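Contents: one structure, followed by commentary.
So that the names make sense, note that chain A is the first sequence line, chain B the second, and so on, each numbered from 1. The structure displayed is predicted, hence computed values, not measured ones.
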Amino acid sequence: MQIFAFYLFASIVLASGAFCIFARNPVHSVLWLILAFFNAAGLMLLVGAEFIAALLVIVYVGAVAVLFLFVVMMLDIDFAELRAGFMKNLPLGLLLALVLVVEIIFGVGAWQSSGMGEATAAVGPPAGAPSNIEQLGALLYTRYVFLFEAAGMILLVAMVGAIVLTLRTRGGVRKQNIADQIARRPEDATRNTQPEVGKGVEL
Amino acid sequence: MTAYLQDLMGFEAGWFVGTLALILLIALPLMLAVAMIIYVDRKIWAAMALRRGPNVVGPFGLLQSFADGLKVFLQETIIPSGANKGLFLLAPIITFTVALLAWAVIPFGENMVLANINIGLLYILAISSLGVYGVVIAGWASNSKYPFFSAMRAAAQMISYEVSIGFVIISVVLMAGSFNMQDIIIGQKSHLLGINAYGINPLLFPMAVVFLISSLAETARTPFDLTEAESELVAGYQTEYSSMSFALFWLGEYANVLLMCTLNAILFWGGWLPPIDWAPLYMVPGIIWLFAKIFFFFFVFSWVKATVPRFRYDQLMRLGWKIFLPLSLFWVVLVSGYLMLTRYAA
């Protein structure tokens with residue numbers, strides 16, 4: 001069953017990755033990308049990393065990809081122009097692909113020669129082990145606490161930077177001030193007068 | 001049941017058949033419940049507007065939803081000529097499927113849960129964040145202005161409220177010490193003054209209110225139904241849909257509403273536990289207590305729908321980002337500080 005699920009998820013990830021690149025319409029590309037994320041989460045579940053799987057879906061599928069989709073849908077894209085740079089960038093792309101392949105080969109080779117392969121051959125955590133979340137939490141907040149805090153600081157700086165870049169104050173904007181509206185009383189806004197006949201009211 | 005089937009026909013086949021049967025055991029009654037809850041919604045709404053509501057088909061109009069279902073089933077599916085055909089048909093299927101998926105981890109009783117997983121609550125958060133795709137894809141694939149506006153609104157709205165829902169969930173998880181739904185429910189047993197509910201705790205009650213309002217926004221019910229505001233956007237993302245594809249949106253939407261009512265009941269009001277920790281009340285099966293709580297929250301949803309006027313878009317964003325987000329973030333700090341002082345002080 002697990003083998004079957006693995007090949008199902010893995011082949012969908014590969015296929016949707018390929019479709020993501022070859023799709024003519026950018027919106028379709030994003031949707032294929034989302035499918036790839038989703039099935040990658042399935043792969044994470046198979047190795048027993050359920051917390052990582054849930055995070056992948058919540059963060060990437062649920063938030064990042066929605067923003068991608070949001071932006072891509074609003075764009076008015078000229079497909080011919082998009083294809084024009086293909087031949088020019090091909091050598092660079094091939095070079096990047098080569099580097100990635102070599103990295104993967106090195107990584108797998110090092111992993112196998114070090115004997116870690118046998119140690120983790122059993123799929124999934126042993127029964128009765130503390131859950132993913134507890135283990136991750138225990139590591140993140142003790143051994144890696146400074147790295148973790150540093151990552152948080154970097155994200156905070158990025159967020160503040162994004163806000164500073166997009167913040168602009170425009171003049172002449174009429175904003176709703178709800179506190180003012182609630183504090184307003186009939187006496188502030190209305191006045192009872194009894195004008196004499198033939199005379200108007202001065203406001 | 002799965003264990004029995006595994007004895008009968010081997011481990012994997014038994015697991016497969018057993019799980020399939022359990023899924024049907026949840027999904028089919030859920031569909032029935034959705035049909036009835038649409039009827040109940042219309043009845044409550046009608047009663048608050050001093051109307052009769054559906055009362056022609058069947059006794060008291062009970063069969064109205066089924067008649068409507070049959071009607072849309074017999075209609076023709078119209079696909080606009082400019083629409084992106086594949087995605088146009090995929091969108092309602094996504095909405096419907098996602099609405100059903102989340103029910104896998106909902107506990108209906110002490111041992112009545114399809115998948116009792118460690119990360120139950122995270123799973124629900126993940127699945128509910130997928131719900132926006134049905135709406136966004138529908139709006140884009142229709143190739144029509146109003147559905148597109150609606151899709152943009154839906155995307156922004158759901159992202160805004162998901163953040164505060166996440167923080168509310170975190171404060172409950174801190175209190176329960178687990179992401180597992182069963183642990184969260186059992187943790188509420190006799191929580192305060194013998195009442196089985198986190199909501200009764202003054203520390204968590206504000207979060208219960210925030211969660212209730214956020215769940216209205218998350219399911220795009222009134223007063224946050226800007227995605228289908230009929231006075232501005234015709235019917236929003238559903239404008240171009242007809243027959244079964246329209247019905248799938250409708251079913252998915254109400255299944256989501258029921259899910260949010262269930263989550264309100266489970267996270268803050270004790271799930272399948274009786275309201276008070278008193279032995280005779282445990283004679284009543286837990287599923288009845290759960291259904292009673294779900295129905296109560298559904299009544300609240302209908303009540304709000306019948307009485308509260310729709311928010312303006314900037315007011316919706318203000319409520320989400322300027323009020324709920326800081327409040328729930330502060331509350332996470334407050335709850336964890338309280339727990340540090342009491343439970344984990346050593």
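B:Asn180 does not touch chain A: none of its heavy atoms, backbone or side chain, sits under 4.5 Å away. Heavy atoms closer than 4.5 Å to chain B are found in the side chain of A:Leu31, but not in its backbone. Heavy atoms closer than 4.5 Å to chain B are found nowhere in A:Leu56, neither backbone nor side chain. Proximity to chain A (any heavy atom under 4.5 Å) is restricted, for B:Val132, to the side chain, taken from C-beta onward. With a threshold of 4.5 angstrom between heavy atoms, B:Leu87 approaches chain A through side-chain atoms but not through N, CA, C or O. Proximity to chain A (any heavy atom under 4.5 Å) is restricted, for B:Leu130, to the side chain, taken from C-beta onward.
Rounding to the nearest 0.5 Å places CG of A:Leu69 at 6.5 Å from OH of B:Tyr133. Between the CG atom of B:Leu319 and the CD1 atom of A:Ile178 there is a distance of 8.5 Å, given to the nearest 0.5 Å.
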message: Run the side chain to side chain contact (heavy atoms under 4.5 Å, CB included) test on A:Ile133 and B:Ile119 for me, step by step, so that the C-alpha distance in whole Å, both residues' side-chain angles and the decisive distance to 0.1 Å come before the verdict.
response: CA-CA 8 Å; A:Ile133 306 168; B:Ile119 52 160; 3.6 Å; yes
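In plain terms, the two heavy atoms of B:Leu122 and A:Ala54 that are nearest each other are CB-CB, 4.0 Å. Of all heavy-atom pairs spanning B:Met152 and A:Phe70, the tightest one is O-CE1, 3.5 Å. The two residues B:Ser129 and A:Val57 make their nearest non-hydrogen contact at OG-O, 4.3 Å. Annotation for B:Phe148 and A:Met73: closest pair CZ-O, 3.9 Å, computed over non-hydrogen atoms.
Counting non-hydrogen atoms of other residues, nucleotides and ligands closer than 6.0 Å to CD1 of A:Ile3 gives a total of 12 or fewer. By the 6.0 Å contact criterion, CZ on B:Phe149 is open, its count of non-hydrogen atoms from other residues, nucleotides or ligands being 12 or less. Other residues, nucleotides and ligands contribute over 12 non-hydrogen atoms within 6.0 Å of the CZ atom of A:Phe37. The number of heavy-atom neighbours closer than 6.0 Å to CZ of A:Phe19, taken from other residues, nucleotides and ligands shown, is 12 or below.
By the 4.5 Å heavy-atom criterion applied to side chains, B:Ile117 and A:Glu50 are not counted as neighbours. Contact annotation: the side chain of A:Ile58 never approaches that of B:Glu162 to less than 4.5 Å [non-hydrogen atoms, C-beta and beyond].
In this structure, B:Phe179 and A:Phe51 have tilted ring planes: the angle between them lies in the 30° to 60° band.
Residues of residues 59-68 of chain A lying under 4.5 angstrom from chain B, judged on non-hydrogen atoms, are A:Val61, A:Gly62, A:Ala65, A:Val66, A:Leu67 in numerical order.
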